[in-house]
Amino acid sequence: MIQVHIYGVARLKAGVGSFETNVQTLEELKGILPGITRKEADDLVVFVNEKAVKKHYRFQDGDQVSFLAPAGGG
């Protein structure tokens, strides 16, 4: 089981701050984020256990995944 946290604007869109799931890959997880389309999920910054990971990352039991919108500027 992995713990998923969603922050910032992405959290507002998802309508939930965290949830648990047992998907195996980051690609699978991006497809099930509540309220967030796959295209939107691809644009989010992702950290697993506070470290950046590649898009083909395979989860291990107990992983902590964080999604957040990229910083914008003006």
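Basis for what follows: all heavy atoms, side chains included, without hydrogens, waters or symmetry-related copies.
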Report yes if the side chains of [X] and [Y] come closer than 4.5 Å at any heavy-atom pair, otherwise no.
X	Y	result
Phe59	Val48	yes
Phe19	Ile6	yes
Phe47	Val45	yes
His56	Leu26	no

Hydrophobic cluster membership, [X] vs [Y], 4.5 Å side-chain cutoff:
X	Y	answer
Leu68	Ile2	no
Tyr57	Ile32	yes
Val23	Val4	yes

Walk me through whether Leu33 and Leu44 qualify under side-chain contact (heavy atoms from CB on, under 4.5 Å).
CA-CA 11 Å; Leu33 291 175; Leu44 296 174; 4.2 Å; yes

Listed partners of Phe67 passing ring-ring contact (aromatic ring centres under 6.0 Å, His included), at least two apart:
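Phe67 satisfies ring-ring contact (aromatic ring centres under 6.0 Å, His included) with no other residue.
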
Evaluate the criterion side-chain contact (heavy atoms from CB on, under 4.5 Å) for residue pair Asp42 and Lys30; output intermediate values, then yes/no.
CA-CA 7 Å; Asp42 284 340; Lys30 286 181 177 181; 3.4 Å; yes

In the hydrophobic cluster built from side-chain contacts under 4.5 Å, what are the other members alongside Met1?
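Members other than Met1 - counting any ILVMFWY side chain reachable under 4.5 Å - there are none.
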
Decide yes or no on salt bridge (Lys or Arg N to Asp or Glu O under 4.0 Å) for Glu40 and Lys13, but give the supporting numbers first.
CA-CA 10 Å; Glu40 292 168 332; Lys13 184 156 180 69; 3.5 Å; yes

Are there over 12 heavy-atom neighbours, none belonging to Glu20, within less than 6.0 Å of that residue's CD?
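Yes, enclosed.
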
Spacing of Lys51 atom NZ and Ser66 atom OG [to the nearest 0.5 Å]:
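Rounded to the nearest 0.5 Å, the NZ-OG separation comes out at 13.5 Å.
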
Measure the acute angle between the ring planes of Tyr7 and His5, then classify it against the limits of 30° and 60° as parallel, tilted or perpendicular.
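Parallel: the ring planes of Tyr7 and His5 meet at under 30°.
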
Could you report the tightest heavy-atom contact between Ala14 and Ile36, atom names first, then the distance?
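Looks like CB-CD1, 4.0 Å.
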
